[in-house]
Peer 1: 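Encoded as C-alpha cells, here's the structure I'll be asking about.
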Number of protein chains: 2
Amino acid sequence: MKKATKVMNNHKLAEDLLTSHGLRRTQIRLEILQLFMQQDHALSVNDLEKMVKSSHDRVTLYRALNSFEENGILHQTPDKSGNMRYALCAEGCSGHHHKDEHAHFICDECNQTYCLQEVKIPDVKLSDDYQLNSVSYTMNGICKDCQ
Amino acid sequence: MKKATKVMNNHKLAEDLLTSHGLRRTQIRLEILQLFMQQDHALSVNDLEKMVKSSHDRVTLYRALNSFEENGILHQTPDKSGNMRYALCAEGCSGHHHKDEHAHFICDECNQTYCLQEVKIPDVKLSDDYQLNSVSYTMNGICKDCQ
DNA sequence: AAAAGTAATGCAAAATAGTTGCTATTGCTT
DNA sequence: AAGCAATAGCAACTATTTTGCATTACTTTT
C-alpha cells in the first residue's frame, strides 16, 4: 500500500519533472526517472539497461541521460574507472551550472556511487590563476552493504 | 644551458624513479617520465601519444602507465568526460594507497587537468555507514591560460 | 478530433578508449 | 656470455559513447 502510493507519487513527480523542463513524457523517460527516484546511489548506463523494462536500446538511454543532464535533472560523475554515473539533481540546477555540490562516495567493493546529499563540499582557497565554477568531492572506501 | 641541465636532471630523475621501483629503464618509459616532469598538468594517453617520439603503440603507453600507477609513480584521475589523466605522484606513494591527496583543477575551456600540489583536500565528517579509504577533490573552471 | 510540427526512438554504423593474448626484444642478473 | 623475466609490438577484441537517418509518437494548433 505504501509502496503503491510511493510509486504513484514518483510517477507524478517524474511527469512534473519532464513537463517543467519542456521535455516530452515518454514511457521510457518516465521509467528512467522513477528508477532514479527509487535509488540512493548513482546509476550507470549499464545499471539502467538492466533495470529498464520497456526498451533495450542503449542509444535511447544515452540520449535521455544527456538531455536530463543538460536540463539540470541529472548530474553525472565518473566512477573510478572513468565510466559515467548519473544521479538526480537537487532543486535549482541548470545544465550549465549544477548547484548540488554534495560529496559522492564510491565503494571499492561493489563500485556503487552514493550521493551524500547531507555532506556539503568544503571550500578551499584557490590561487587567482584559476577561476572556479564548480567543485566535486569524491570519497572511496567500503559502503555499508559491503562491510 | 639551463634547459639542458634541467633535461639532464630529469633524465637522471627518471632513471632513478624506475630503478628505485624495480622497473627497467627502457627508452620509452624514460621518455614518458620526463614528459610528465616537464608538465604542470596531467596527461591523457592521447596527449602522450602525440608527445612521445620513439613509439606510437598505444598499448605500450597503457601498460607503462598502469605499471607506474601500480608502483606509486603516477596517479590517475578521470577528467570530466571520464577519460583518464595521469600525473606524477608525490614522494611516498604506493600503488594501493596514494598519499598525494591534493586537489585537481580541470579547465572547462582547454580541458587540461592541473595538480594543485599545494591545495590539500579538507576532510568532511562521514557517517559510520561508510569506511573511508581515499578522497578526491576536483575543481572545474577556467585556468590561467584560458582567461 | 484531425493535422502539423517537432521531440524522441530505433537501427545501423562508426568513433574512441582500453584490454588481452601471444611472440619478439631487450634490460638486468649471474 | 647466457639466461631469465620484464617490456615492447602487433593483432584482435571488448566496451563505451556518438552520429546520421528514417520512423514513431507526444503536444499543440486548428
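First the proteins, then the strands, lettered A, B, ... as listed; each starts at 1.
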Peer 1: A:Arg58: which residues meet the side chain to side chain donor-acceptor pair (under 3.5 Å) condition with it, sequence neighbours left out?
Peer 2: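 A:Arg58: side chain to side chain donor-acceptor pair (under 3.5 Å) contacts with A:Asn46, A:Glu49, A:Tyr62.
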Peer 1: Calculate the interatomic distance between B:Arg85 atom CZ and C:dG18 atom C1'; express it in whole Å.
Peer 2: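 One finds 16 Å between C1' of C:dG18 and CZ of B:Arg85, rounded.
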Peer 1: Calculate the interatomic distance between A:Asp57 atom CG and D:dG20 atom C1'; express it in whole Å.
Peer 2: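 Going from A:Asp57 (CG) to D:dG20 (C1'), I get 14 Å.
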Peer 1: Where each residue is assigned the nucleotide of DNA chain C containing its nearest heavy atom, which of A:Gly22 and B:Val59 is assigned the position nearer the 5′ end?
Peer 2: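 Looking at DNA chain C, the more 5' nearest nucleotide goes with A:Gly22.
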Peer 1: Rounded to the nearest angstrom, tell me the gap between atom CD in A:Glu31 and atom P in C:dA8.
Peer 2: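 It works out to 17 Å between those atoms.
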Peer 1: So if I define the base as every atom that isn't primed, P, OP1 or OP2, how would nucleotides 22-30 of chain C read as a B/S/- string at a heavy-atom cutoff under 4.0 Å?
Peer 2: ----BBS--
Peer 1: Can you name the residues that form a salt bridge (Lys or Arg N to Asp or Glu O under 4.0 Å) with A:Asp47, not counting sequence neighbours?
Peer 2: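 Here no residue qualifies.
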Peer 1: If the condition is side-chain contact (heavy atoms from CB on, under 4.5 Å), which residues does A:Ser67 pass it with, not counting sequence neighbours?
Peer 2: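 Applying side-chain contact (heavy atoms from CB on, under 4.5 Å) to A:Ser67 gives A:Leu23, A:Arg29, A:Asn71.
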Peer 1: Which whole-number value in Å describes the distance from A:Leu30 CG to C:dA7 P?
Peer 2: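 The distance from CG of A:Leu30 to P of C:dA7 comes to 18 Å, rounded to the nearest Å.
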Peer 1: Distances under 3.5 Å only, N/O to N/O: pair up the protein atoms with those of nucleotides 13-17 of chain D.
Peer 2:
unit_1	atom_1	unit_2	atom_2	d
D:dT16	OP1	A:Asn46	ND2	2.9
D:dT16	OP2	A:Asn46	ND2	3.3
D:dT17	OP2	A:Tyr62	OH	2.7
D:dT17	O5'	A:Tyr62	OH	3.4

Peer 1: Test your reading of the model: is there a side-chain donor-acceptor pair from A:His102 to the backbone of A:Cys115, 3.5 Å cut-off?
Peer 2: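 No; zero donor-acceptor contacts below 3.5 Å.
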Peer 1: Whole Å only: how far is the CG atom of A:Leu48 from the C1' atom of C:dT9?
Peer 2: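 Roughly 16 Å, once rounded to whole Å.
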Peer 1: Show me the pairs that pass salt bridge (Lys or Arg N to Asp or Glu O under 4.0 Å) and involve residues 31-46 of chain A, at least two apart or across chains.
Peer 2: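 Of all non-adjacent pairs touching residues 31-46 of chain A, those that pass salt bridge (Lys or Arg N to Asp or Glu O under 4.0 Å) are A:Asp40-A:Lys144.
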Peer 1: Could you list all the salt bridge (Lys or Arg N to Asp or Glu O under 4.0 Å) pairs where at least one residue sits in residues 131-143 of chain A, not counting sequence neighbours?
Peer 2: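 Qualifying pairs, neighbours excluded: none.
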Peer 1: Nearest-Å distance, NE2 (A:His21) to P (D:dT27)?
Peer 2: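 A:His21 atom NE2 is separated from D:dT27 atom P by 16 Å.
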Peer 1: Distance check needed: D:dA8 P versus B:Lys53 NZ, whole Å only.
Peer 2: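 Nearest whole value for this atom pair: 18 Å.
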Peer 1: Among residues at least two apart in sequence or on other chains, which ones pass salt bridge (Lys or Arg N to Asp or Glu O under 4.0 Å) with B:Asp108?
Peer 2: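 Residues passing salt bridge (Lys or Arg N to Asp or Glu O under 4.0 Å) with B:Asp108: B:Lys80.
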Peer 1: Provide, to the nearest angstrom, the distance between the CG atom belonging to B:Leu18 and the P atom belonging to D:dT7.
Peer 2: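 My rounded result for the distance is 9 Å.
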Peer 1: Report the residues that fulfil ring pair (Phe, Tyr, Trp, His ring centres under 6.0 Å) with A:Tyr130, sequence neighbours left out, ordered by chain and then residue number.
Peer 2: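 Counting only residues at least two positions away or on another chain, A:Tyr130 forms a ring pair (Phe, Tyr, Trp, His ring centres under 6.0 Å) with B:Phe105, B:Tyr114.
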Peer 1: Checking side-chain contact (heavy atoms from CB on, under 4.5 Å) between B:Met37 and each of B:Leu17, B:Asn9, B:Ile32, which is the one that passes?
Peer 2: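 The option that passes is B:Leu17.
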Peer 1: Taking distance alone, no hydrogens or angles, what donor-acceptor pairs closer than 3.5 Å link side-chain atoms of residues 118-129 of chain A to residues at least two apart or in another chain?
Peer 2:
unit_1	atom_1	unit_2	atom_2	d
A:Lys120	NZ	A:Gln117	O	3.2
A:Ser127	OG	A:Asp129	N	2.9

Peer 1: Once side-chain contact (heavy atoms from CB on, under 4.5 Å) is applied, do any residues pair with A:Arg63, and if so which ones, sequence neighbours excluded?
Peer 2: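 Only A:Val59 meet the side-chain contact (heavy atoms from CB on, under 4.5 Å) criterion with A:Arg63.
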Peer 1: State, to the nearest 10°, the angle formed by the axis through the first five base pairs of the helix from C:dA1-D:dT30 to C:dT30-D:dA1 and the axis through its last five.
Peer 2: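 The value is 30°.
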